Number of protein chains: 2
Amino acid sequence: MVGFKNEVAKTKSQRTTWQRELIQDILRRSEGHLDADEIYQKARQKSPSISLSTVYRNLRVFKRMGLVEQHQFGSRYFYETTRVTHHHLVCLSCGRVFEFKCPSTEHLKSRIKKEEGFKVTEADVRLAGYCPDCQQRLSVNTS
Amino acid sequence: MVGFKNEVAKTKSQRTTWQRELIQDILRRSEGHLDADEIYQKARQKSPSISLSTVYRNLRVFKRMGLVEQHQFGSRYFYETTRVTHHHLVCLSCGRVFEFKCPSTEHLKSRIKKEEGFKVTEADVRLAGYCPDCQQRLSVNTS
DNA sequence: ATTGCTGCAAAGCCTTTGCAGGCGG
DNA sequence: CCGCCTGCAAAGGCTTTGCAGCAAT
């Protein structure tokens, strides 16, 4: 059916390379929600010799290690350092990604566990719509 | 930033072709959550001359018309006919997609509207974890 | 010295698009 | 008849991979 891979295994010890430190640094500094190419561009500014594949490879490693989260909006992946649980709000007009907290998600998890016997390990709540700025700009009915 | 397209505009009247009827029929019959290629394969069984591009093109048309919903799991899109709001529960082991209701989503929408001034038009709640069968099969701790 | 990591280029995967002909209304 | 729709093939966008050399431990 779906081609889901179980990438749960915690990975073994990793080597320290400047590429990895640079990518981690970019992720930590950023406000979050960078895609692979944005990370690559920022990395190139510091070290032009880094390659896009290295960025992808390390993002995957970091994900497996639980250091970064990978989310998809539209058709690409975005990465951010793992932090307190929060969810995403995407503006369909300008594409900006906002965050919000959703404490009831925990209740949801346990409800699903109880009702369906399903053990939930990831919860992703994605809302989309129009941010205040775009509503005004587009004269969308705000009511 | 993100390359989001605003595909909100309701589309004008459409022609009736056997390809469209076939695709609609497949979507209606199915339990939901088919990807483009699965639809294509099913369609070919009935009419081998249909093309994959036609499938994609029409899924997009149906989506714009509000007849189907498009969701992404992993890195591809899945389609299902629009029904009462429900959300998805993906098993990370077997890849099966389950559904559940989440009435509190409506509250969430209005909360976001009130707190952030963000007008929410789409809400997608995706949980992932391990279904009962796989928990047993993998001897995952169920507590 | 190992052997994991990197850069490069090429391949892969899914989706979209250009084009000429065909069919629905 | 007009022009939307289709099939085909090719292109696109993003991500992954094979390979040989390099560097971290």
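In what follows, chains carry the letters A, B, and so on, assigned in the order in which the sequence lines appear, proteins first and then strands, with residues in each chain numbered from 1. No experiment lies behind these values; they were computed from the predicted model shown. What you see below is based on every heavy atom in this structure, not just the backbone, and it leaves out hydrogens, waters and symmetry mates.
- Regarding A:R20, its CZ atom lies at a distance of 5 Å from the P atom of C:dT6, rounded to whole Å.
- The side chain to side chain donor-acceptor pair (under 3.5 Å) check on B:R29 picks up B:D25, with sequence neighbours excluded.
- Applying the ring-ring contact (aromatic ring centres under 6.0 Å, His included) criterion to B:F118, with sequence neighbours excluded, gives A:F98.
- Residues passing the side-chain contact (heavy atoms from CB on, under 4.5 Å) test with B:R20, sequence neighbours excluded: B:Q14, B:T17, B:N58, B:V61, B:F62.
- Within the structure, a side-chain polar atom (N or O) of A:Q14 is placed less than 4.0 Å from OP1 or OP2 of C:dC5.
- The side chain to side chain donor-acceptor pair (under 3.5 Å) search around B:Q45 returns none, not counting sequence neighbours.
- Residue contacts for A:N58: at a heavy-atom cut-off of 4.0 Å it reaches the sugar-phosphate backbone alone, with no base atom in range.
- Rounding to whole angstrom units, CG of residue B:L59 and C1' of D:dT6 are separated by 15 Å.
- Residues that satisfy the side-chain contact (heavy atoms from CB on, under 4.5 Å) test with B:S30, not counting sequence neighbours, are B:L34.
- Judged as a side-chain contact (heavy atoms from CB on, under 4.5 Å), and not counting sequence neighbours, the contacts of B:T85 are B:H87.
- At distances below 3.5 Å, at least one donor-acceptor pair connects side-chain atoms of B:E38 with backbone N or O atoms of B:D35.
- Distance, A:Q70 CD to D:dC14 P: 15 Å, rounded to whole Å.
- Between the CZ atom of A:R44 and the P atom of C:dT6 there is a distance of 17 Å, rounded to whole Å.
- Rounded to whole Å, atom P of C:dG18 lies 17 Å from atom CG of B:L52.
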Between the protein and nucleotides 22-24 of chain C, list every N/O to N/O distance that falls short of 3.5 Å.
{"residue": "C:dG24", "atom": "N2", "partner": "B:R15", "partner atom": "NH2", "Å": "2.7"}

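- Between the P atom of D:dC5 and the CD1 atom of B:I23 lies a distance of 12 Å, rounded to the nearest Å.
- In this structure the side chain of A:E21 reaches within 4.5 angstrom of the side chain of A:T16, judged on heavy atoms.
- When rounded to the nearest whole Å, the span between CD of A:Q41 and P of D:dC14 equals 12 Å.
- Take B:S47 and apply the side-chain contact (heavy atoms from CB on, under 4.5 Å) test, not counting sequence neighbours, and it matches B:W18, B:L22.
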What's touching nucleotides 8-14 of chain C from the protein side, N or O pairs under 3.5 Å?
{"residue": "C:dC8", "atom": "N4", "partner": "A:S53", "partner atom": "OG", "Å": "3.2"}
{"residue": "C:dC14", "atom": "OP1", "partner": "B:R76", "partner atom": "NH1", "Å": "2.2"}

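- The NZ atom of A:K63 sits 8 Å away from the P atom of D:dT16 (whole-angstrom rounding).
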